[in-house]
Chemist: 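One structure, as structure tokens, below. Some questions next.
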Amino acid sequence: MKETAIEMNKILKEKSDIFYFMLSDFGKNIYMPKGIIVQSAEAKEKATKYNATIGIAESKKMPIFLNSLNKYFNILKPDQIFPYAPASGVQELRKKWKNKILLENSLIKSQDMISMPVVTNGLTHGIMLFADLFLGENDEIIIPDKLWENYNLMFEERYKARVVNYPLFNKKSTGFNVDGLDQAIANSKKDKIVLLFNFPNNPTGYSPTLKEVDEITAVIKKRADDGKKILVACDDAYYGLFYEDDLIDGSIFSRMTGLHKNVAALKIDGFSKEDYAWGLRIGFITFSDFYKNADAYAVLEKKTTACIRTSISNCSLLSQSIFLDIMGGGEVYVKEKIEKFEILKKRANKVKEIVYKDKYKDLWEVYPFNSGYFMCIKPKGTTAEKVRASALEKYGVGTIALGEDLRIAFSSVEYEELDDLFEIIAGVIRELK
Ligand SMILES: Cc1ncc(COP(=O)(O)O)c(C=O)c1O
């Protein structure tokens, strides 16, 4: 192991033994060298005469650029568009995102409780960085059984970890399966417990109620008291799209901050779904534990940065500059987000009116949903795959079959078309039954 990695690990072990314990072998070995990146950053501050460090081309203190490219941008300046971004992201954007997290999570009472968010290339990349640092061949990751299918592909195939599922919903299918979570932790033979929560959930559109979040927190605390060491990863891709009043007030991440010495947490979030900017590829990863030690957080940020540096080098400066600008845009930005939120909420409420109608009772079971982009039904008397294939072939209606369930993205169907959509699906199930 390189000297710098040993030094970083020593700090982490002293200041946050829980995060140190959670590291994968790769997570232990990775370090941020005092190489080109660090020397360039130093030079940026101090090289007032000539700065011959930067790996871009400059003229008259501006990046050299092609007008053929620059003509597409009329608000941003060339130096906000063309150069490389820092590997950990644009500092001002990171600060703004941290403030957003604090604003939306009243339980995170001070800046020092969480690390500085590191910028990722969208949330998938954030999840990958989490897995880089904390998951290896001998690890398990415990996730509810209704999940984004990319998790399996990433954690099992890329990282060779074992995905352990428990039923997302309780036996009566009325809400989150707190006992299932408790049992999954208890049944694990490992001391290192890695949990992943994704609320609002893909594919079901479910988020736990406030009461359920209290219960989830109590279970994690109880198991930590018993000596289990627990890392809680929160995939908050659809954060903020909560359509009912009694739901979780912030992210589960905020419940984990300072909860217990044996609990570490991280939050993966970003603009993709929250700001309807899927293709601009900007997300964040943020850490928190009981100790809230600035040196430990700095090590985690550096290790994350090194993971970025060794894979994609850095994330789009253009996208970061756009988001930095709109986050400073004040009322207009907030107003627009509320408008879009209302569109989705109205659709979710309409779907609620439709799917529980008596005429559909013998055609499908509805899973609880209250947030996000999706909802799921379980067709009766036929399979989800048959319904999917037939709806597509005969009626040109696309849905996703996931095992027994059919996922319907109301996020991409107009309010006025929802009645018709479910009528078609109902017709297909009747034909197949
Ligand atoms: C639960 C969940 N997490 C993460 C992602 C990935 O988001 P991004 O497009 O930012 O990589 C998705 C996208 O579908 C998702 O559904």
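Residues: numbered from 1 along the sequence shown. All ligand and atom numbering here is 1-based and tracks the order in the structure. The structure presented is a predicted model; accordingly, all values stated were derived computationally and were not measured.
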Chemist: Strictly below 4.0 Å, N to O, side chains only: are Asp191 and Lys228 in salt-bridge contact?
Modeler: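 No salt bridge links Asp191 with Lys228.
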
Chemist: So which heavy atom in the protein is nearest atom 9 (O) of ligand 1, and how far is it from that ligand atom?
Modeler: Arg281 NH1, 3.0 Å

Chemist: Determine, for Lys345 against Glu342, whether the closest basic-nitrogen to carboxylate-oxygen distance falls under 4.0 angstrom.
Modeler: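 Salt bridge: no.
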
Chemist: To the nearest 0.1 Å, how far is atom 10 (O) of ligand 1 from its closest protein heavy atom, and which atom is that?
Modeler: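 Checking every protein heavy atom, the shortest distance to atom 10 (O) of ligand 1 gives Ser272 OG, 2.5 Å.
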
Chemist: Specify the protein heavy atom at minimum distance from atom 14 (O) of ligand 1: its residue, its atom name, and the distance to 0.1 Å.
Modeler: Lys273 NZ, 2.8 Å

Chemist: Counting only nitrogen or oxygen atoms and a 3.5 angstrom limit, does Tyr151 reach ligand 1?
Modeler: no

Chemist: Between Leu123 and ligand 1, does any nitrogen or oxygen pair lie at a separation below 3.5 Å?
Modeler: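 N/O-N/O distance below 3.5 Å exists for this pair.
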
Chemist: Among protein heavy atoms, which sits nearest to atom 6 (C) of ligand 1, and what does the distance come to when rounded to 0.1 Å?
Modeler: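 For atom 6 (C) of ligand 1, the nearest protein heavy atom is Thr124 OG1, 3.3 Å.
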
Chemist: Asn198 to ligand 1: N or O pair under 3.5 Å?
Modeler: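 Such a contact does not occur with ligand 1.
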
Chemist: What part of Trp278, side chain from CB on, backbone N/CA/C/O, both or neither, has a heavy atom under 4.0 Å from ligand 1?
Modeler: neither

Chemist: Looking at Glu140 and Lys192, is there a salt bridge between them, counting it only when a charged N and a carboxylate O are closer than 4.0 Å?
Modeler: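 The answer is no: the pair does not qualify as a salt bridge.
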
Chemist: How long is the gap from OG on Ser371 to OH on Tyr239, to the nearest 0.5 Å?
Modeler: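 OH of Tyr239 is found 11.5 Å from OG of Ser371.
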
Chemist: Less than 6.0 angstrom separating the ring centers of Tyr243 and Phe369, yes or no?
Modeler: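 No; Phe369 has its ring centre 6.0 Å or more from that of Tyr243.
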
Chemist: When you check the side-chain N and O atoms of Glu212 and Tyr206, is any donor under 3.5 Å from an acceptor?
Modeler: yes

Chemist: Is a salt bridge present between Asp269 and Lys267, judged by a nitrogen-to-oxygen distance below 4.0 Å?
Modeler: yes

Chemist: Please determine if Arg162 and Asp139 form a salt bridge, counting it only when a charged side-chain N lies under 4.0 Å from a carboxylate O.
Modeler: no

Chemist: Take every heavy atom of Tyr238, measure it against each atom of ligand 1, and state whether any distance is under 4.0 Å.
Modeler: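 Heavy atoms of Tyr238 do come under 4.0 Å of ligand 1.
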
Chemist: I need the atoms of ligand 1 closer than 4.0 Å to a non-hydrogen atom of Gly122, numbered in the order shown.
Modeler: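 Numbered from 1, ligand 1 contributes 10 (O).
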
Chemist: Tell me whether Asn202 has any N or O atom under 3.5 angstrom from an N or O of ligand 1.
Modeler: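 Yes; the residue has a nitrogen or oxygen that sits under 3.5 Å from a nitrogen or oxygen of the ligand.
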
Chemist: Do Glu301 and Arg94 meet the salt-bridge criterion of a basic N to acidic O distance under 4.0 Å?
Modeler: yes

Chemist: How far is atom 3 (N) of ligand 1 from its nearest protein heavy atom, and which residue and atom is that?
Modeler: Asp235 OD2, 2.6 Å

Chemist: In the protein, which heavy atom is nearest to atom 5 (C) of ligand 1, and how far is it?
Modeler: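 Checked against all protein heavy atoms, atom 5 (C) of ligand 1 sits closest to Trp148 CH2, 3.4 Å.
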
